[in-house]
There are 2 protein chains.
Amino acid sequence: MIRRIPARTQTERSDATTARLLTAARRLFGADGYHATSIEAVASAAGVTKGAAYHHFRGKADLFRAVFTREQEAIADTLERVAAQSPDAWAALTQGTRTFLEHCLDPGFRRVVLLDGPAVLGWDGVREIECAHTLRVLSAGVRAAADAGLLVAGDLDARAQLVFGALCEGGMLLARADDPARALVGVADEARLLLGALRA
Amino acid sequence: MIRRIPARTQTERSDATTARLLTAARRLFGADGYHATSIEAVASAAGVTKGAAYHHFRGKADLFRAVFTREQEAIADTLERVAAQSPDAWAALTQGTRTFLEHCLDPGFRRVVLLDGPAVLGWDGVREIECAHTLRVLSAGVRAAADAGLLVAGDLDARAQLVFGALCEGGMLLARADDPARALVGVADEARLLLGALRA
DNA sequence: TTGACGGGCATACCCAGGGTATGTAAGTTC
DNA sequence: GAACTTACATACCCTGGGTATGCCCGTCAA
């Protein structure tokens, strides 16, 4: 009834199934939200059964955590590349905020990372993962700017966190707009204004 | 088995039951979160059965919405009082942020409003309610400051929203601290710094 | 006062869905 | 190639959201 995934070695089979589950989960969680997505639906979309899902993940929340982590890895990776291409620490910050806001145009990203993430994983759970990815890049950017003497003194970690909160809210905000692409410019302007507060 | 609520008139009975349900729901949602709280547990804590809960509320999400709205009313009320007592528009903003952060020290408030709210009601649902309460007060404060010529030009609504996002994140942040009362000062300082960005 | 009506609530039930126990085929190791 | 492990499928349990129904008691008209 279920088409078996062809693979010679076991690790190949395992990896392939895990990948398919993650892909399906990201699609369904992103489209319908955590609550409205059942494990069985994910498994079915991945071409396997619940048993397979529970073999690779401890439960629904664990599967979600994996999807969430992947999203974090992706955005952090993008941001790091943007920062590397920026001429200076300040440009890295401003361009990074714009890149993050653009990323928020993806409804799946918003749903998984901004809406369901905190409720499912708890704030500490989300923060732990974010600290290793998005927040790490942002903090590094803030610290680099501070080292360059561009920022006023203060609690840099708290500062990065507050800015991050503002950005997430901005991401949700522009998604609601009739013309998100145009709203992005306005929100990015306001965000840049806020960042300007931190300049020495 | 279930103690009946003594009340002569029907509206009295109805109001009393609704109030008890809301109180119990706020306690349980706040302590255990939306998902881990069952309707039956809420009803039981209120001294009634599921039937009563479903008589007064359309479902679990509707009950949660009522709790969420009450929280919004409470905080907006407090903020409005603080603003009224402030000598000028700028003091109202800075003192308001501090009051909001203090409010975030309540775990139930954080859980209901900041963590579960968006996931259960959706961002639009949350925003709709917030626009009528907390965000209304904040926007009014920002607009008052703008009218007084204290702020640089820009999209004031987007600005208020971004600041709000930063504050919510700050509220979660200081709750994690070993000494929240002391962390509050630091976060409030950073928030004030961000607000400073908006001064003309 | 009384009888019909409706609101307030309890009880009993349905069923979707998260989680578990167990069976089985295929890969792995000695 | 036999013992063992891994990667699943199948069958099942049970919590919990939601609904259908019936009873009790205010309410209101005659």
Side-chain angles (χ1 to χ4, degrees), chain A residues 1-25 28-29 31-68 116 119-122, chain B residues 1-25 28-29 31-68 116 119-122:
Chain A
M1 186 215 284
I2 296 280
R3 287 193 71 82
R4 196 160 301 279
I5 299 171
R8 310 212 167 282
T9 151
Q10 291 215 74
T11 56
E12 273 175 6
R13 274 180 69 189
S14 190
D15 289 351
T17 302
T18 302
R20 295 177 60 149
L21 281 170
L22 282 175
T23 302
L28 295 179
F29 282 148
D32 307 330
Y34 180 80
H35 181 73
T37 300
S38 70
I39 293 265
E40 211 168 302
V42 172
S44 171
V48 293
T49 64
K50 261 171 56 171
Y54 276 96
H55 180 72
H56 291 285
F57 300 94
R58 283 203 245 176
K60 194 181 177 185
D62 191 48
L63 174 58
F64 180 85
R65 180 191 307 274
V67 170
F68 183 91
D116 286 338
V120 175
L121 306 174
Chain B
M1 189 216 282
I2 296 280
R3 288 192 69 83
R4 195 159 301 278
I5 299 171
R8 311 214 166 279
T9 153
Q10 291 214 76
T11 55
E12 272 175 7
R13 273 179 69 188
S14 188
D15 289 350
T17 301
T18 302
R20 296 176 60 149
L21 280 170
L22 282 175
T23 302
L28 294 180
F29 283 148
D32 307 329
Y34 181 79
H35 181 72
T37 301
S38 70
I39 293 266
E40 211 168 304
V42 171
S44 171
V48 293
T49 63
K50 262 170 57 171
Y54 277 96
H55 181 74
H56 292 284
F57 300 94
R58 284 203 242 175
K60 193 181 178 185
D62 191 48
L63 175 57
F64 181 84
R65 181 191 307 275
V67 171
F68 183 92
D116 287 337
V120 175
L121 307 174

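Every chain is numbered from 1 and lettered A, B, ... according to where its sequence line falls, protein lines coming before strand lines. For clarity, every value in this text was computed on a predicted model and none was experimentally measured.
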- Taking atom NZ of B:Lys50 and atom OG of B:Ser44, what is their separation to the nearest 0.5 Å? 12.5 Å
- Message: How many whole angstroms separate atom CZ of B:Arg13 from atom C1' of D:dG26?
- Response: 8 Å
- Give the rounded distance in Å between these two atoms: CG of A:Leu21 and C1' of D:dC8. 11 Å
- Message: Restricting to ring pair (Phe, Tyr, Trp, His ring centres under 6.0 Å), what partner residues turn up for B:Phe64, sequence neighbours left out?
- Response: B:Phe29, B:Tyr34
Please enumerate all protein N or O atoms sitting under 3.5 Å from an N or O of nucleotides 27-30 of chain D, with distances to 0.1 Å.
from   : atom 1 : to      : atom 2 : distance (Å)
D:dT27 : OP1    : B:Thr9  : OG1    : 2.9
D:dT27 : OP1    : B:Gln10 : N      : 3.2

- How many Å lie between OH on B:Tyr54 and P on C:dC13, as a whole number? 18 Å
- Message: In the structure I gave you, are the side-chain heavy atoms of B:Arg65 and B:Asp62 within less than 4.5 Å of one another anywhere?
- Response: yes
- In whole Å, what is the span from the CG atom of B:Asp15 to the P atom of C:dC9? 10 Å
- Message: Applying ring pair (Phe, Tyr, Trp, His ring centres under 6.0 Å), can you list everything that pairs with A:Phe57, at least two apart in sequence or on another chain?
- Response: none
- Can you sort out which residues in residues 56-64 of chain A have a heavy atom within less than 4.0 Å of DNA chain C? Ascending by number, please. A:Gly59, A:Lys60
- Task: Give a yes or no on whether B:His56 atom NE2 has more than 12 heavy-atom contacts from other residues, nucleotides or ligands under 6.0 Å away.
- Result: yes
- For A:Phe68, what residues pass the ring pair (Phe, Tyr, Trp, His ring centres under 6.0 Å) criterion, not counting sequence neighbours? none
- Query: Is there a side-chain contact between B:Thr23 and B:Arg20 (heavy atoms, below 4.5 Å)?
  - Reply: no
- Query: What are the two closest heavy atoms between A:Leu21 and A:Ala43, and how far apart are they?
  - Reply: CD2-CA, 4.0 Å
- Interatomic distance, A:Glu12 CD vs D:dT6 P [rounded to whole Å]: 18 Å
- Short side-chain N/O contact to D:dT10 OP1/OP2 from A:Thr49, under 4.0 Å: no
- Figure out the NE2/C1' separation between A:His55 and C:dT24, and round it to whole Å. 14 Å
- Check each residue of residues 34-45 of chain A for a non-hydrogen atom within less than 4.0 Å of any atom in DNA chain D, then write out the ones that pass by number, or none. none
- Donor-acceptor pair, side chain of B:Ser14 and main chain of B:Gln10, under 3.5 angstrom: no
- Note on the structure: Out of D:dA9, D:dA7, C:dA10, minimum distance to the side chain of A:Val48 belongs to D:dA9
- Specify the closest pair of heavy atoms between B:Asp116 and B:Gly33, including all atoms of both residues, with the distance to one decimal. OD2-CA, 3.3 Å
- Out of curiosity, B:His35 NE2 to B:Thr37 OG1, how far, rounded to the nearest 0.5 Å? 10.0 Å
